[in-house]
**Student:** 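Let me begin by handing over the structure; questions about it come next.
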Amino acid sequence: MSQSRVLKSKKNILFGVIYQVITVLANFIVRTVFIKTLSSEYLGINGLYSNILSVLSLAELGIGSAIVYSMYKPLKENDIDKLIKINYFYKKIYSFIGICVLILGISIIPFLNIIVNVQEDMSNIVLYYVLFLLNTVASYFLIYKTSIVTADQNEYILKIVNSISIIVRAGLQILSLIFFKNYLIYLIIQLLVSILTNYINSKIAENKYPYIKEKRELDKKEKKSIFQNVKSMFLYQVGGVILNNTDNIIISIICGTALVGLYSNYFMIISAIETTIAILFTAINSSIGNYNTEKDAESQYQLFKVLNMIATWIYGFSSICFCILFQDFIQLWAGKDYLLEYSVVLISAVNFYIRGMLYPIWCFRNTTDLFKRTKNIMLVAAVLNIIFSVILGKIWGIFGILLATALARICSNVWYEPKILFKDFFNKDVKKYFLNNIKEFIILIIIFVLVYTISLTVNLDNKYIQLFIKLIICIIIPNIIMFVKFYKTKEFKYLASKLLKDKFNNLKFKIR
């Protein structure tokens, strides 16, 4: 790995973490004020509409990943002409997508009375939805310009702008909630700040890469090749978005929109932690993409093993923290009325862990052509999730709906994607990987039982001190066990040597 690539990766991770910390704190403060000033029905609508637009939105449906993937080689070769053509091609794609999302979004309006299940009379339900829709659609006509910034590993520049944007938006929304207690003003602020942020980021991209303003057409052969990548990633990601964002819609229909509001508090925290951890993986995606073009299959496999160890440790530790601390935290923060059953906490932690263990797989899939071979599996998972959710949701309510998500993943991409990666890319038997992951999950359950048993002994009158002591227990015990378990492995020794010596001049694996 070249020094410049390493430096950019470090900057992306650093500013990515800073951005995520700001995002988490800002969203937490805004959510706290939201809970105190508006009813849980509004909280439910906020979570529900976010999920509806996530299902309709194509911003994260693999188009961006395909853009970045197609830019790796021309950036490396400084092929400006190719970059101009690719960028212009995606401009037209994104404009078309924006119009499609707008039309699809409008077509949902007649069905809102079925999807939104509230007790409180709300006359502006359609207007709220339209503001959410405009916020989503507006980004498509500018966001394509920033893809080259990401592909060139300069995403940290965008993170700086986005961090400032988050602070400004949060400040304005808090003031609007305190002084006006008006959800409509809250949404208008969200829309205006989002448009301004996208505009500023697009201008930064134009200033750094001025040639992206030019218009040149790709030839038919190149368009066909890129379109195949877009199609493959699109099919995969559309399934992923449906899988990850239909739970709230189904919860709203079966259990009520107010319950979506309660669950959204839990989901906000889980999502914030997951996104923060994912920064580590997404920040090195471009580096892995370049690395895969330079190294042999064995070196690539060793890199995967290191990433898998990191995922096991971090996501395992975080899952235990969720299970032990969630209920105490929600009660102190929002109150007893916002608590859900403990079974919901457990299944949410399981879903979080399953997604986390797939990140090493996704890093290699997104930076190779393997996404072409796994393009349909997430659609299968999405269909299974909807079927399981309807059945189990009617039996067990919100727990059944979340359990359905875990089952859908286990029956699809949890086994299929590693199988393809190991067979077609590493040229290895995947059985060892599956057995190792099963073993790690069993060990995680044992650690959880141990920590949970110890935490039950902590019962103080001061609930803040009680939560703090439980947090200390969660930090110490799981990480000591993880350290003892991993510190003799080749992957840990390699990672420790790199972190301690800070020598990332070359990503050469000498572990065999």
Side-chain angles (χ1 to χ4, degrees), residues 23 26-60 98-140 165-166 168-198 241 244-265 267-268 271 334 338:
T23 301
N27 288 344
F28 178 77
I29 296 171
V30 171
R31 178 63 65 98
T32 302
V33 177
F34 196 113
I35 290 172
K36 303 299 181 183
T37 55
L38 297 176
S39 69
S40 60
E41 301 279 10
Y42 282 102
L43 193 61
I45 285 177
N46 200 69
L48 176 63
Y49 284 176
S50 295
N51 281 118
I52 291 174
L53 269 301
S54 293
V55 173
L56 292 179
S57 172
L58 306 183
E60 299 300 327
I99 294 171
C100 289
V101 172
L102 179 61
I103 295 171
L104 287 172
I106 292 173
S107 69
I108 294 291
I109 292 176
F111 303 98
L112 286 179
N113 62 329
I114 298 174
I115 300 173
V116 179
N117 182 7
V118 296
Q119 302 298 321
E120 186 176 333
D121 181 28
M122 295 185 183
S123 57
N124 291 323
I125 283 179
V126 173
L127 180 57
Y128 298 151
Y129 174 77
V130 170
L131 288 173
F132 267 94
L133 178 61
L134 292 177
N135 187 43
T136 300
V137 171
S139 65
Y140 288 106
S165 169
I166 288 289
V168 171
R169 189 202 70 195
L172 293 174
Q173 287 183 325
I174 288 170
L175 290 174
S176 72
L177 289 170
I178 292 174
F179 290 106
F180 302 105
K181 295 181 174 61
N182 190 299
Y183 187 53
L184 183 61
I185 296 175
Y186 174 93
L187 292 180
I188 291 173
I189 291 171
Q190 180 173 283
L191 172 62
L192 294 178
V193 174
S194 178
I195 292 173
L196 180 60
T197 303
N198 284 321
V241 168
N244 295 326
N245 293 282
T246 52
D247 284 350
N248 276 356
I249 299 172
I250 297 173
I251 291 171
S252 178
I253 295 172
I254 295 178
C255 307
T257 304
L259 196 58
V260 175
L262 302 188
Y263 175 64
S264 68
N265 289 332
F267 183 77
M268 180 192 72
S271 180
Y338 285 84

**Student:** What pairs with Asn245 under side chain to side chain contact (heavy atoms under 4.5 Å, CB included), at least two apart in sequence or on another chain?
**Tutor:**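 Testing Asn245 for side chain to side chain contact (heavy atoms under 4.5 Å, CB included), a comparison that skips the adjacent residues, returns Asn51, Ser54, Val55, Val241.
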
**Student:** Does the Ser139 side chain pair with the main chain of Asn135, one donor and one acceptor, at a distance under 3.5 Å?
**Tutor:**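 Judged by distance alone, no pair lies under 3.5 Å.
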
**Student:** Over all heavy atoms of both residues, which pair between Val137 and Gly98 is shortest? Give the atoms and the distance, please.
**Tutor:**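 Scanning both residues, the minimum pair turns out to be CG1-O, 3.7 Å.
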
**Student:** Can you confirm whether Ile178 sits close enough to Lys36 that some side-chain heavy atom of one is under 4.5 Å from a side-chain heavy atom of the other?
**Tutor:**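 Counting from C-beta outward, Ile178 and Lys36 never come under 4.5 Å.
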
**Student:** Locate the shortest heavy-atom distance separating Ser50 from Phe132; write the atom from each residue and the value.
**Tutor:**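 Closest approach of Ser50 to Phe132: OG-CE2, 3.5 Å.
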
**Student:** Are the side chains of Val168 and Thr197 in contact, using a 4.5 Å heavy-atom criterion?
**Tutor:**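 They are not in side-chain contact.
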
**Student:** Can you give each donor-acceptor pair under 3.5 Å made by side-chain atoms of residues 249-260, sequence neighbours left out, with the distance rounded to 0.1 Å?
**Tutor:**
| residue | atom | partner | partner atom | Å |
| --- | --- | --- | --- | --- |
| Ser252 | OG | Ile115 | O | 2.7 |
| Ser252 | OG | Thr257 | OG1 | 2.8 |
| Thr257 | OG1 | Asn117 | N | 2.7 |
| Thr257 | OG1 | Asn117 | O | 3.1 |

**Student:** Checking Ile188 now: which residues fulfil side chain to side chain contact (heavy atoms under 4.5 Å, CB included) with it, not counting sequence neighbours?
**Tutor:**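 Side chain to side chain contact (heavy atoms under 4.5 Å, CB included) list for Ile188, sorted by chain: Leu131, Leu184, Leu192.
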
**Student:** State which residues pass side-chain hydrogen bond (donor to acceptor under 3.5 Å, both in side chains) with Thr23; sequence neighbours excluded, sorted by chain then number.
**Tutor:**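 Per chain and number, Thr23 pairs via side-chain hydrogen bond (donor to acceptor under 3.5 Å, both in side chains) with no residue.
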
**Student:** For the residue pair Leu43 and Ser264, establish whether any side-chain heavy-atom pair is separated by less than 4.5 Å.
**Tutor:**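 Counting from C-beta outward, Leu43 and Ser264 do come under 4.5 Å.
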
**Student:** Sequence neighbours left out, cut at 3.5 Å: what donor-acceptor pairs do the side chains of residues 101-110 make with other protein atoms?
**Tutor:**
| residue | atom | partner | partner atom | Å |
| --- | --- | --- | --- | --- |
| Ser107 | OG | Leu104 | O | 2.5 |

**Student:** Filter on side chain to side chain donor-acceptor pair (under 3.5 Å), then keep only pairs touching residues 178-188, sequence neighbours left out; what's left?
**Tutor:**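 Checked against side chain to side chain donor-acceptor pair (under 3.5 Å) - neighbours excluded - the pairs reaching residues 178-188 are Asn46-Tyr183.
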
**Student:** Mind checking what makes ring-ring contact (aromatic ring centres under 6.0 Å, His included) contact with Phe28, not counting sequence neighbours?
**Tutor:**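 By the ring-ring contact (aromatic ring centres under 6.0 Å, His included) rule, Phe28 matches Phe329, Trp333.
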
**Student:** Is any side-chain heavy atom of Arg169 closer than 4.5 Å to one of Ile166?
**Tutor:**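 When only atoms from C-beta onward are counted, Arg169 and Ile166 do touch, with a gap below 4.5 Å.
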
**Student:** Who pairs with Tyr129 by ring-ring contact (aromatic ring centres under 6.0 Å, His included), at least two apart in sequence or on another chain?
**Tutor:**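 Tyr49.
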
**Student:** Can you list the residues that meet the side chain to side chain contact (heavy atoms under 4.5 Å, CB included) rule with Leu134, with sequence neighbours excluded?
**Tutor:**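 Checked Leu134 against side chain to side chain contact (heavy atoms under 4.5 Å, CB included); matches are Val130, Leu191.
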
**Student:** Test of understanding: with side chain to side chain contact (heavy atoms under 4.5 Å, CB included), list the residues that count as partners of Phe267, not counting sequence neighbours.
**Tutor:**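 Per chain and number, Phe267 pairs via side chain to side chain contact (heavy atoms under 4.5 Å, CB included) with Tyr263, Ser271.
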
**Student:** Among all residues two or more places apart in sequence or in another chain, which pass the side-chain hydrogen bond (donor to acceptor under 3.5 Å, both in side chains) test with Thr37?
**Tutor:**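 Applying side-chain hydrogen bond (donor to acceptor under 3.5 Å, both in side chains) to Thr37 gives none.
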
**Student:** Nearest 0.5 angstrom please: Leu112 CG to Ile52 CD1, how far?
**Tutor:**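 Taking CG in Leu112 and CD1 in Ile52, the distance rounds to 6.0 Å.
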
**Student:** Kindly write out the residues that satisfy side-chain hydrogen bond (donor to acceptor under 3.5 Å, both in side chains) with Ser40, not counting sequence neighbours, or none if the list is empty.
**Tutor:**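 Testing Ser40 for side-chain hydrogen bond (donor to acceptor under 3.5 Å, both in side chains), a comparison that skips the adjacent residues, returns none.
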
**Student:** Would you mind reporting whether Leu172 and Ser176 have side-chain heavy atoms less than 4.5 Å apart?
**Tutor:**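 The answer is no; the side chains never approach within 4.5 Å.
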
